[in-house]
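Values in this document were obtained by computation on a predicted structure and should not be read as measured data. Computation of the quantities below employed the complete heavy-atom set of this structure, encompassing side-chain atoms and omitting hydrogens, waters and symmetry-equivalent molecules.
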Amino acid sequence: MNQIEPGVQYNYVYEDDEYMIQEEEWDRDLLLDPAWEKQQRKTFTAWCNSHLRKAGTQIENIEEDFRNGLKLMLLLEVISGERLPKPDRGKMRFHKIANVNKALDYIASKGVKLVSIGAEEIVDGNVKMTLGMIWTIILRFAIQDISVEETSAKEGLLLWCQRKTAPYRNVNIQNFHTSWKDGLGLCALIHRHRPDLIDYSKLNKDDPIGNINLAMEIAEKHLDIPKMLDAEDIVNTPKPDERAIMTYVSCFYHAFAGAEQAETAANRICKVLAVNQENERLASELLEWIRRTIPWLENRTPEKTMQAMQKKLEDFRDYRRKHKPPKVQEKCQLEINFNTLQTKLRISNRPAFMPSEGKMVSDIAGAWQRLEQAEKGYEEWLLNEIRRLERVEHLAEKFRQKASTHETWAYGKEQILLQKDYESASLTEVRALLRKHEAFESDLAAHQDRVEQIAAIAQELNELDYHDAVNVNDRCQKICDQWDRLGTLTQKRREALERTEKLLETIDQLHLEFAKRAAPFNNWMEGAMEDLQDMFIVHSIEEIQSLITAHEQFKATLPEADGERQSIMAIQNEVEKVIQSYNIRISSSNPYSTVTMDELRTKWDKVKQLVPIRDQSLQEELARQHANERLRRQFAAQANAVGPWIQNKMEEIARSSIQITGALEDQMNQLKQYEHNIINYKNNIDKLEGDHQLIQEALVFDNKHTNYTMEHIRVGWELLLTTIARTINEVETQILTRDAKGITQEQMNEFRASFNHFDRRKNGLMDHEDFRACLISMGYDLGEAEFARIMTLVDPNGQGTVTFQSFIDFMTRETADTDTAEQVIASFRILASDKPYILAEELRRELPPDQAQYCIKRMPAYSGPGSVPGALDYTAFSSALYGESDL
């Protein structure tokens with residue numbers, strides 16, 4: 001046996017089949033797609049097994065079972081019917097490579113090119129290369145020999161599928177991937193050849209999985225075509241694997257190959273007859289169309305209007321764009337069909353095809369040439385006629401547009417020029433009318449050219465003998481006559497406007513002078529009235545004195561203001577004198593000012609009335625501010641004494657509450673003395689309240705003589721009363737606690753010292769962290785659970801602070817003697833006569849009714865050794881009791 005070189009690869013090519021060129025560089029990336037790889041694995045495995053089972057074997061894993069080359073060689077022998085060289089039976093790697101090379105040599109001998117597929121890759125179990133090799137085998141032995149109407153291989157198989165499924169609804173086979181996703185294509189192939197196996201009318205396009213499974217089950221059961229794909233893979237994959245679909249569909253082709261031969265023969269006959277009939281039909285229809293079209297193109301009857309000629313041109317364009325191009329295509333197709341048919345007949349040594357009389361290619365060419373000549377002459381005639389009418393229509397339309405534009409512009413102009421609106425107009429209005437008239441004169445001059453153009457166009461239309469020349473001439477004459485009248489009226493109006501303008505200039509100058517002086521004076525009076533009537537609000541003597549000074553300064557300006565008033569009134573009198581002297585028909589109202597003489601007189605009188613009233617108001621407010629100042633000083637003197645007294649008492653009480661020397665009884669006596677002094681001081685608070693009420697009644701809201709307000713005093717006084725009462729109560733509680741718990745004065749002082757030390761804010765409260773530090777300093781070993789239990793005792797409301805009283809209660813409980821859970825359990829054991837449980841009857845017999853019922857209700861049932869019905873677990877009850885409270 002020859003030694004095989006591991007690196008040898010095979011590159012073989014089909015020499016005759018062009019379709020294989022598309023598979024020379026098969027797309028390796030496609031096999032990397034997990035969905036496609038899965039489909040190819042299943043399909044190729046099923047295809048191989050459909051042949052290997054003839055030899056009594058099969059494969060399970062396509063990349064593993066072909067690695068030694070034995071089953072690969074067997075597969076080639078089965079599908080080809082030929083014997084391959086004897087395989088090597090050794091299990092070494094080089095034995096496997098030798099067997100695979102024998103299989104590849106055989107494939108190459110059939111003209112197949114295996115691009116970059118080597119024996120080592122198959123032996124190593126390369127999935128991509130193994131699937132590529134099997135696909136090449138399928139192409140060569142299952143698809144290459146398929147031939148349908150001069151197409152072969154993939155194209156032939158696709159054409160065969162299209163022919164077979166064409167009559168079926170909802171089936172449109174265009175490829176070997178998405179066209180098969182709904183399963184109707186497979187069902188149609190089965191029904192076309194074996195209608196007894198499937199009822200196509202009952203299939204539902206919306207059930208693709210059901211359709212695919214039905215087709216595969218029938219194919220496997222009745223056509224001996226194994227199930228090579230999963231319906232879910234086909235439906236759920238956007239683009240199913242083309243090779244898998246081709247492999248499976250090729251099995252249907254081979255299954256129905258026998259029935260194809262008769263159908264192919266019938267199709268060949270029908271094809272030949274169809275070609276002849278189609279040529280005859282196309283020739284007849286084309287010649288008939290040419291016969292009908294030529295007389296239409298030879299008609300040269302002219303139209304009178306441009307619209308009619310435009311309609312003829314549109315019809316001709318429709319002919320060129322819509323009607324003729326399909327006929328050109330039909331003519332070309334007819335010639336192509338004829339030439340192709342003649343070539344095929346000549347190659348087949350058959351007689352040439354002879355069309356019917358008058359339908360020869362030369363007949364069609366002659367008729368087409370006559371059509372082209374008629375078309376060319378018709379187009380030239382249309383264009384010349386349109387150009388001729390276009391000139392006349394253009395001139396007529398141009399005349400109408402210019403005449404309409406001029407008539408629109410001139411409409412109403414004569415009435416405007418005849419108006420005498422300037423006779424009652426002001427100077428401003430007359431000047432505006434004059435400017436407007438100047439603009440009209442410019443506009444009139446600009447329209448001179450248009451009038452001349454209208455006359456020239458009308459003359460040209462007369463020369464061209466326009467059919468509506470009479471109306472054009474009449475319209476042109478009216479425009480010229482109106483133009484002459486407008487010129488005369490324009491000159492007369494200009495002269496009248498200039499005369500009126502000069503007459504009104506004198507009056508306008510007087511009006512302007514009045515407006516310049518009346519407006520500031522009017523504003524001064526309005527401001528003065530606002531100031532004199534202003535509701536002033538002052539809070540001090542200084543503020544009211546400032547207002548009085550400003551008022552005196554204002555009164556000093558009144559003589560000068562009166563002189564300005566008289567000058568303004570003299571200007572208006574002059575205006576009225578000019579109007580009366582020249583008998584001018586205009587209003588004497590001032591266009592530059594809205595201020596009238598009556599307004600000036602009324603406002604001046606109002607100012608003179610308001611001055612003494614303002615004097616009186618300011619003097620009254622001055623007296624009130626003096627009274628308010630006395631009230632401020634009186635309140636400030638008392639508040640400045642009461643405020644510090646309250647603050648001092650608060651500090652004394654605070655110092656006494658944190659002192660750790662002396663007995664509690666001594667502290668109580670001292671606090672009682674503080675309380676007595678505070679109560680006796682109440683008269684000072686009441687007197688201050690009276691002074692505050694007087695200040696409020698006088699609407700005094702600020703006091704620069706003191707920083708204390710009555711609200712501050714009230715809050716401080718109430719806090720002082722609360723503090724002394726709470727401090728006395730705390731000391732009384734400490735005394736009661738000391739006496740009840742038997743705590744010595746030294747212990748109490750020690751607790752107070754510890755609390756004060758960790759009370760960082762010195763407010764009589766410790767936060768949780770301060771309290772934890774205090775307990776640790778006193779020797780407590782605290783875990784989180786234990787500290788949380790203690791906090792529920794000292795801060796049951798969860799306020800985040802610990803008072804001194806809570807601290808004392810906790811410390812007294814910690815130092816006092818208490819019962820334990822074990823002692824209570826021992827007591828229950830005595831009542832139960834040493835049993836590990838107790839009965840309800842025993843509890844009722846030994847304990848008071850309320851306590852017995854409490855225990856029965858909360859004690860859990862006993863489930864330990866020796867339990868009897870109704871037994872209660874006093875051990876668990878006692879433990880839980882001491883876990884919840886600190887008895």
Hey, are [Y] and [X] close enough side-chain-wise for a donor-acceptor pair under 3.5 Å?
{"X": "Tyr319", "Y": "Thr293", "result": "no"}
{"X": "Gln39", "Y": "Asp233", "result": "no"}
{"X": "Glu60", "Y": "Gln58", "result": "yes"}

Flag the pair [X] / [Y] as yes when their ring centroid distance falls below 6.0 Å, and as no otherwise.
{"X": "Tyr378", "Y": "Trp296", "answer": "yes"}
{"X": "Tyr168", "Y": "His191", "answer": "yes"}
{"X": "Trp160", "Y": "His193", "answer": "yes"}

Is there a donor-acceptor pair closer than 3.5 Å between any side-chain N or O of [X] and the backbone N or O of [Y]?
{"X": "Asn101", "Y": "Leu104", "answer": "no"}
{"X": "Asp318", "Y": "Lys322", "answer": "no"}
{"X": "Ser80", "Y": "Glu82", "answer": "yes"}
{"X": "Asn68", "Y": "Leu70", "answer": "yes"}
{"X": "Ser250", "Y": "Thr247", "answer": "yes"}
{"X": "Glu121", "Y": "Gly118", "answer": "yes"}
{"X": "Lys110", "Y": "Ile137", "answer": "no"}
{"X": "His95", "Y": "Met92", "answer": "yes"}
{"X": "Asn49", "Y": "Ile59", "answer": "yes"}
{"X": "Thr43", "Y": "Leu229", "answer": "no"}

Of all the heavy-atom pairs spanning [X] and [Y], show the shortest one and how long it is.
{"X": "Met73", "Y": "Pro85", "value": "CE-O, 3.0 Å"}
{"X": "Gly185", "Y": "Val171", "value": "CA-CG1, 4.1 Å"}
{"X": "Pro226", "Y": "Glu220", "value": "CA-CG, 4.3 Å"}
{"X": "Ile190", "Y": "Ala215", "value": "CD1-O, 3.5 Å"}
{"X": "Asn211", "Y": "Asp182", "value": "ND2-O, 3.1 Å"}
{"X": "Ile117", "Y": "Gly132", "value": "CD1-C, 4.1 Å"}

Under-4.0 Å salt bridge between [X] and [Y]:
{"X": "Lys376", "Y": "Glu379", "result": "no"}
{"X": "Asp241", "Y": "Arg243", "result": "no"}
{"X": "Lys227", "Y": "Glu217", "result": "no"}
{"X": "Glu37", "Y": "Lys128", "result": "no"}
{"X": "Lys102", "Y": "Asp88", "result": "yes"}
{"X": "Lys96", "Y": "Asp124", "result": "no"}
{"X": "Glu314", "Y": "Arg317", "result": "yes"}
{"X": "Glu77", "Y": "Lys54", "result": "no"}
{"X": "Glu288", "Y": "Arg292", "result": "yes"}
{"X": "Asp224", "Y": "Arg53", "result": "yes"}

Below 4.5 Å, heavy atoms only, C-beta onward: do [X] and [Y] meet side chain to side chain?
{"X": "Glu372", "Y": "Gln369", "result": "no"}
{"X": "Val100", "Y": "Phe66", "result": "no"}
{"X": "Trp47", "Y": "Ile79", "result": "yes"}
{"X": "Glu397", "Y": "Arg400", "result": "yes"}
{"X": "Met129", "Y": "Glu63", "result": "no"}
{"X": "Leu72", "Y": "Asn99", "result": "no"}

* Enclosure of Arg83 CZ (heavy-atom neighbours >12, cutoff 6.0 Å) -> no
* Asked: Are more than 12 heavy atoms from other residues, nucleotides or ligands located less than 6.0 Å from atom NZ of Lys327?
  -> yes
